[in-house]
Amino acid sequence: MHLSSTLAAAVALPLASAQLNQLAQKAGKLYFGTATDTGELTNAEYVSILTNTKEFGQLTPANGMKWQFIEPENGVFNFTEGEIVSNLAAKDKQLLRCHNLVWHSQLAPWVTATTWDKANLTAMLREHVYREASHWRGQCYAWDVVNEGLNEDGTYRSDVFYDTLGDEYFKIAFEEAARADPGAKLYYNDYNIESPGPKSEGAKRIVRLIQDAGLRIDGVGLQSHFIVGETPTIDQQISNMRGFTDLGVDVAITELDIRLQLPADAENLAQQSVDYRTSVGACMQVKRCVGVTVWDFYDPFSWVPGVFAGFGDATLYFDNFTKHPAYNGVVEALTNNTKCKPRPSKMLKRSKPLIV
Ligand SMILES: *[C@@H]1O[C@H](CO)[C@@H](O)[C@H](O)[C@H]1NC(C)=O
Ligand SMILES: *[C@@H]1O[C@H](CO)[C@@H](O)[C@H](O)[C@H]1NC(C)=O
Ligand SMILES: *[C@@H]1O[C@H](CO)[C@@H](O)[C@H](O)[C@H]1NC(C)=O
Ligand SMILES: *[C@@H]1O[C@H](CO)[C@@H](O)[C@H](O)[C@H]1NC(C)=O
């Protein structure tokens, strides 16, 4: 489609049929996106929504770029599973968030079964990060370079990398990712860092660790796996985001879902709508919050019921493909124009220019 007709359609479209990526971009964000997975791509109705770039302008492979698929044996690389989603994104010109290079979980079993010292783990880690990131060079808008490297109290998580290399492993991973793909935005990504507190402070420490080493880190990913009625307030989410952007990095909401205690009813669905509006609304008010990614958009494909007993319906679409009330909550946040309205203020009448 020509750009001019895209713009014309955007202007002419009634709000009721406007879609999430279109609204996010209109409001100045880079994308509204979703995670997806290879096993889901045989569902035609799902795929028609997934590939509609008015709805989703960005894809994240939920699993296919994880270590267990990419390097299943020492030195043996297999990019097939990750390419399924990266090729889909390329076909429809959707941005790609690549996920992830280093994580304690979903590792190939040989990594933890091997005896390492500092020298040979460093060499192996460099090789893994460089080979994977260079494979997708030029295709990733962003890479989650290190995923979930923190405990809840903000200290570093014990795993094969930290236990052998200490915090040096963060620097190794960011250095190799930058060398492998100079154009990709390099992120640290974690959960429970969406409001101020010790874990969020830990993530800031990681940002400074990379920066102080003279290396590049471009962003912090706020996973945002929330529970209906228990999400941080909009003010907490905004001030937390600004804590990161004050360090000179972007933020993004990278894995948003808000699970409810089943069964769904009018009340918990209404609260879920408020909660989605709150998180997306926080991103809208922070300039360097570049975009929002939901961790899949269709309830039957959500990871939630398999992991949190008694919880579900965490996404924006029910199993019959009707939209949750939360979809409208997201639309409300994306179209909240009140922040643009100048408020009458005594300060405007000052004769001297006000320096802010
Ligand atoms: C590579 O990965 C794909 C997808 O997981 C799998 O089907 C294929 O068998 C793998 N190739 C090899 C040589 O193991
Ligand atoms: C790494 O080095 C240690 C000795 O320091 C050795 O025991 C171990 O087998 C080595 N691992 C690999 C994979 O080469
Ligand atoms: C809408 O914008 C106003 C003004 O910036 C803000 O106070 C409010 O929290 C926003 N609402 C949502 C849902 O984002
Ligand atoms: C779709 O599912 C939702 C949630 O179960 C239900 O409220 C709605 O009535 C269903 N819509 C149709 C058209 O079946």
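The structure presented is a predicted model; accordingly, all values stated were derived computationally and were not measured. Just so you know, ligand 1 is whichever comes first in the structure, and atom 1 is the first atom listed for that ligand.
- The shortest contact between atom 13 (C) of ligand 2 and any protein heavy atom is with Thr114 CG2, 3.5 Å.
- Closest to atom 8 (C) of ligand 2 among all protein heavy atoms lies Thr115 O, 3.4 Å.
- Between Arg277 and ligand 3, no pair of N/O atoms sits closer than 3.5 Å.
- When the heavy-atom distances from atom 10 (C) of ligand 3 to Leu334, Ile234, Asn336, Thr233 are ranked, the shortest goes to Asn336.
- The proximity of Thr278 to ligand 3, defined as any non-hydrogen pair under 4.0 Å, does not occur for either the backbone or the side chain.
- Taking only nitrogen or oxygen atoms, main chain and side chain alike, Asn74 does not reach within less than 3.5 Å of ligand 2.
- Within the cation-pi definition used here (under 6.0 Å to the ring centroid, within 45° of the axis), Arg97 qualifies as a partner of Tyr187.
- Of the polar atoms of Trp116, none of the N or O atoms is found under 3.5 Å from an N or O of ligand 2, judged by distance alone.
- The single protein non-hydrogen atom nearest to atom 1 (C) of ligand 2 is Asn120 ND2, 1.4 Å, given as residue, atom name and distance.
- With no hydrogens or angles considered, a side-chain donor-acceptor pair links Gln106 and Asn63 at under 3.5 Å.
- Between Asp117 and ligand 2, a contact under 3.5 Å exists for at least one N or O pair.
- Taking a cut-off of under 4.0 Å to the non-hydrogen atoms of Gly281, the atoms of ligand 3 that pass are 14 (O).
- Placement of Met284 and Leu30 in two distinct hydrophobic clusters is found when ILVMFWY residues are connected by side-chain heavy-atom separations under 4.5 Å, directly or transitively.
- Salt-bridge annotation for Asp257 and Arg259: absent, with no side-chain N of the basic residue lying under 4.0 Å from a carboxylate O of the acidic one.
- There is a side-chain donor-acceptor pair under 3.5 Å between Glu152 and Asn192.
- Nearest to atom 14 (O) of ligand 1 by heavy-atom distance, out of Ile70, Asn63, Asn78, is Asn78.
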